[in-house]
Amino acid sequence: MTRYIFVTGGVVSSLGKGITAASLGAILEARGLSISMIKLDPYLNVDPGTMSPFQHGEVFVTADGAEADLDLGHYERFVGSSRPGRDSNFTTGRIYNAVIGRERRGGYLGATVQVIPHVTDEIKRSVLLGAGDADVCITEVGGTVGDIESLPFLEAIRQMGLEMGRENVAFVHATLVPYVATSQEIKTKPTQHSVKELRSIGIQPDVLVCRSELALPDEQRRKIALFTNVPESAVFSARDMDDLYAIPIELRSQGLDEVLTRQFGMDLPTADLSEWEQVVEAGRNCEGQVTVAMVGKYMDLRDSYISLNEALGHAGRRSGVKVRVRHIESEQVEEEGVDCLAGVHAVLVPGGFGERGIEGMVRAVTHAREKEIPYLGICLGMQVAVIEFSRNVTGLKDANSSEFEAGTPHPVVALVTEWVDESGQVERRDEDSDKGGTMRLGEQACQLAKGSLARREYGEPTVYERHRHRYEFNNRYLEVLKKAGLGFSGRSVDGLVEVVELPSHPWFLASQFHPEFTSTPRAGHRLFDGFVAAAVSYRQRGDLPAKAASAGGA
Ligand code: GLN
């Protein structure tokens, strides 16, 4: 039978609850358990797909094509067996959608439909569905205890604790223990209040994970234990760490997993975290640094491209260098030119939507192409690479994507429904006007051309990567761009262009898919490994004294 661990948060949001849940999953997995991970989100959007990255950070895409909360990215990076999917993320909107849908179909047989029991029952059903047949299901409840929005979720998990028994259900509460610098004191009061709030709705936590700047002194742990009715041995200190991937090791060393497996009556071998130790060690041993310019939108918020930042970091650990990402708003390139790219060892244009900043990205691509700086384009980054090549190498003046300019004379990127056939007819399919769920989403096969850079980097003829976009390379322009020197090295099974590259350039590759979603700290990702290695070579070329370099080149 599956055991359930519910992770709630108190005092403030952005406590790193997702990473705490994922780290716990990593430890339990290392004890031989299969793990499923779920995120419950209190907001009313059915999924985060239509939200700006400024709202909740990146939209993570699962293999089965769900647009999900970024915490699912942490789960997948930390817990190999978890494989989050469509049924790993439930929002209030999705729950209500299901309840109201059922009501409209007459599924409640005339009953008055209410939050309790109908909404809470739907939440419980969803958790059971997402848990599957894993040994342990870890469910993170988004939001902060005390929010009105979280109440139905908390009520549902309270009921699960009662119905399944506390030998099968455990509650972990993550809170903040702030340090007040002026009085040099560690304050436990907010944690006491948060647990009081949780207990007032019937949930007594079994474990507290206290987030703090520095390790929590025993005296404070004792105090928290006493006032919250949680045994001292179950109050854990999660201090700020400079390496995310060291958190499972830290929590395991304090015995977090032990408290929970004991509660579940499980007798298991100790956790083997040697792979995590290697990851941390690799991070510590990095020497030197390469700088990657990430030119895009939403650069103010680090979480907008969290999977991408992580993927670059994974590759850095594997290559033994620190990867510093210089986040550059593409509008800055529009206004000030490419000076802001001075000194970078690689350029990356990530995914994005809408017209703003596109011309700056195009200029960044021109710079990388002409100066032979390694370039990686992802999704929108592939589309702007195609636009740049069409305009500046192929001579298709004003080439563009129909997303940015509806009447462009050369729609080198367009909706498939807008590709014009030989007779000039636009083939139109019925499009759903609903903005949610109209995209090409999730994992699809991509075949890589023999002899291409993509094939060399991946080392395999067919790869499976995730998509999230509406627009496609317009195959009508394939021949003319090919003649001008653009390499088409990846195609989907149904012939859509997935990867382009420049054979005349040391390392220039752009993909329509998002490789960052499948990079993990333990296994890395071959495309990012290749990109970072190319950045290192570029730096080394630049490091050579000018004379030696020109002699070498002669
Ligand atoms: N806006 C582009 C499209 O919809 C690219 C999307 C993306 O980069 N994820 O096709």
Side-chain angles (χ1 to χ4, degrees), residues 47-63 65-68 70 73 294-299 301 303-309 311 327 329-330 347-362 364-365 375-388 390 399-406 408 411-419 429 431-444 446 465-475 477 490 492 494 496-500 509-519 527:
D47 63 42
T50 55
M51 272 193 260
S52 153
F54 285 130
Q55 294 288 311
H56 284 275
E58 164 184 288
V59 174
F60 185 77
V61 181
T62 60
E67 298 178 274
L70 61 79
M294 197 188 284
V295 184
K297 294 157 60 170
Y298 333 114
M299 284 302 162
L301 186 69
D303 276 358
S304 318
Y305 293 109
I306 188 162
S307 293
L308 197 44
N309 295 330
H327 294 97
E329 273 295 332
S330 51
V347 174
L348 191 159
V349 174
F353 293 83
E355 196 200 332
R356 184 171 70 81
I358 293 299
E359 294 307 316
M361 296 176 205
V362 171
V365 174
Y375 176 78
L376 176 62
I378 294 178
C379 206
L380 177 63
M382 183 191 101
Q383 299 174 353
V384 292
V386 165
I387 293 167
E388 196 279 333
S390 306
N400 213 334
S401 162
S402 62
E403 179 181 7
F404 316 129
E405 193 189 344
T408 170
V412 288
V413 175
L415 297 173
V416 176
T417 51
E418 293 171 335
W419 295 3
R429 287 191 217 144
E431 281 266 358
D432 197 344
S433 61
D434 191 340
K435 278 281 182 222
T438 55
M439 283 195 262
R440 187 172 161 210
L441 281 168
E443 184 179 277
Q444 289 173 9
C446 166
E465 294 283 15
R466 300 181 196 173
H467 291 256
R468 179 172 183 252
H469 56 101
R470 291 192 178 82
Y471 294 79
E472 302 283 353
F473 173 79
N474 184 343
N475 275 344
Y477 289 91
S492 71
D494 48 4
L496 295 168
V497 168
E498 299 273 26
V499 186
V500 301
L509 188 152
S511 67
Q512 188 57 75
F513 49 72
H514 290 266
E516 70 271 29
F517 294 137
T518 47
S519 178
L527 205 52

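Order of listing sets the numbers, starting from 1, for every ligand and every atom in it. Residues: numbered from 1 along the sequence shown. The figures that follow rest on heavy atoms only: side chains count, while hydrogens, waters and symmetry mates do not.
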Report task. Just jot down the ligand 1 atoms closer than 4.0 angstrom to any heavy atom of Cys379, in number order. Result ->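 Matching atoms, with element in brackets: 5 (C), 6 (C), 7 (C), 8 (O), 9 (N).
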
One finds that the ligand 1 atoms under 4.0 Å from a non-hydrogen atom of Tyr471 are 3 (C), 4 (O), 10 (O)

Looking only at non-hydrogen atoms, the one of Gly351, Ser401, Gly352 nearest atom 5 (C) of ligand 1 is Gly352

Restricting to heavy atoms, the pick from Met382, His514, Glu403 nearest atom 2 (C) of ligand 1 would be Glu403

The protein heavy atom nearest to atom 9 (N) of ligand 1 is Arg468 O, 2.8 Å

Protein heavy-atom partner closest to atom 4 (O) of ligand 1 - residue, atom, separation in Å: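 Scanning the protein heavy atoms, the shortest distance from atom 4 (O) of ligand 1 goes to Arg470 N, 3.0 Å.
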
Practice item. Report yes if Gln512 has an N/O atom closer than 3.5 Å to an N/O atom of ligand 1; otherwise report no. Key: no

What I want to know is whether Gly354 and ligand 1 share at least one N or O pair that is separated by under 3.5 angstrom.
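Between Gly354 and ligand 1, no N or O pair is found under 3.5 Å apart.
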
Worksheet entry | Test salt bridge (charged side-chain N to carboxylate O under 4.0 Å, His left out) applied to Arg356 and Glu329, step by step | CA-CA 10 Å; Arg356 184 171 70 81; Glu329 273 295 332; 3.7 Å; yes

**Item:** Donor + acceptor pair across side chains of Gln383, Ser401 (<3.5 Å)
**Value:**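 Short answer, no.
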
| query | Is the closest side-chain heavy-atom distance between Cys446 and Glu465 below 4.5 Å? | reply | no

Rounded to the nearest 0.5 Å, the OG atom of Ser492 sits from the CZ atom of Phe513 at a distance of 11.0 Å

Does Glu472 have a heavy atom less than 4.0 Å from any atom of ligand 1? no

What one should report as the nearest heavy-atom pair of Met382 and Glu498 is SD-O, 3.7 Å

*So, the side chain of Glu403 versus the backbone of Gly354: is there a donor-acceptor pair under 3.5 Å, distance only?*
yes

*Got a donor-acceptor contact below 3.5 angstrom from the His514 side chain to the Glu516 backbone?*
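Side chain of His514 to backbone of Glu516: no pair is present.
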
